[in-house]
Amino acid sequence: PRFLMNDESTPSPHARWSLHGDGLWRLMKAVAPWVPGWLERPVIAVAAACVLGLCGRVRRSVSSNLRALRPEDRSIRRMTRVWRTLYIFGSTVADNIRISQGCRILSWNVEGPENFEAESDAAGPVILLTAHMGCYDAAASSFSHRLTALLKAVRMPERTEALRKLRAQE
């Protein structure tokens with residue numbers, strides 16, 4: 001299929017199908033419309049378990065961060081927290097994909113909605129700041145429908161050129 005075609009800017013198939021490659025992103029975008037909503041979270045739970053079991057570097061990295069935050073946790077509790085972190089990340093990615101495909105699945109609480117409305121009609125540039133507690137790409141997509149001005153989300157670029165190109169097309 002076209003979405004699985006190799007990209008010359010990605011150094012190897014392994015890198016392409018890593019957690020930072022474009023292969024998984026393309027696969028998820030292709031599969032998302034076919035997964036019913038009631039099945040999405042169980043699929044993400046299984047995918048998080050697979051990443052936990054198969055991706056040692058990711059598992060060790062998240063575990064190390066959690067050990068620093070909660071040194072009192074025993075190994076089994078920490079691994080449960082690692083799985084939960086991966087599950088939440090997967091849910092965020094799924095939400096981002098659904099929103100990029102036009103689904104209205106999230107709602108936002110905006111403090112001072114009158115200020116937001118006034119700024120959305122402003123002639124000059126406006127800076128919206130959000131906390132890093134979820135999917136800011138989804139927030140940008142959602143807010144872009146409510147603003148009359150051009151919205152640019154500033155974020156750290158993806159790690160691979162192929163994924164940067166794919167995300168730029170969204």
Minimum side-chain heavy-atom gap E72-R70 below 4.5 Å: yes
Considering all heavy atoms, the nearest G53-R59 contact: O-NH1, 3.5 Å
Same cluster (ILVMFWY, side-chain, under 4.5 Å), V35 and L27: yes
Main-chain N/O of R81 paired to T85 side chain as donor or acceptor, under 3.5 Å: yes
Test log, rule side chain to side chain contact (heavy atoms under 4.5 Å, CB included), inputs N96 and T92: CA-CA 6 Å; N96 189 13; T92 301; 5.7 Å; no
Gap between atom CG of L69 and atom OG of S64 - 0.5 Å precision: 9.5 Å
Minimum heavy-atom distance between R78 and P71, given as atom pair plus value: NH2-O, 4.4 Å
Nearest-0.5 Å distance that lies between atom CD1 in I97 and atom NZ in K29: 7.0 Å
Side chain to side chain contact (heavy atoms under 4.5 Å, CB included) between V43 and V31, intermediate numbers included: CA-CA 11 Å; V43 168; V31 170; over 6 Å; no
Residues that A49 engages under side-chain contact (heavy atoms from CB on, under 4.5 Å), provided they are two or more places apart: W83
Any V58 side-chain heavy atom under 4.5 Å of L52 side chain: no
Within 6.0 angstrom of I76 CD1, more than 12 heavy atoms from elsewhere: no
Salt bridge (charged side-chain N to carboxylate O under 4.0 Å, His left out) contacts in which one or both residues fall within residues 31-52, not counting sequence neighbours: E40-R98, R41-D95
Non-neighbouring partners of P33 that pass side-chain contact (heavy atoms from CB on, under 4.5 Å), sequence neighbours left out: Q101
Trace of the side chain to side chain contact (heavy atoms under 4.5 Å, CB included) decision for D73 with L66: CA-CA 9 Å; D73 280 356; L66 290 172; 5.9 Å; no
Heavy-atom pair with the smallest gap, counting every atom of I44 and A94: CD1-CB, 3.7 Å
Residue R67 excluded, over 12 heavy atoms near CZ under 6.0 Å: yes
ILVMFWY cluster, L39 and Y87 together (side-chain gap under 4.5 Å): yes
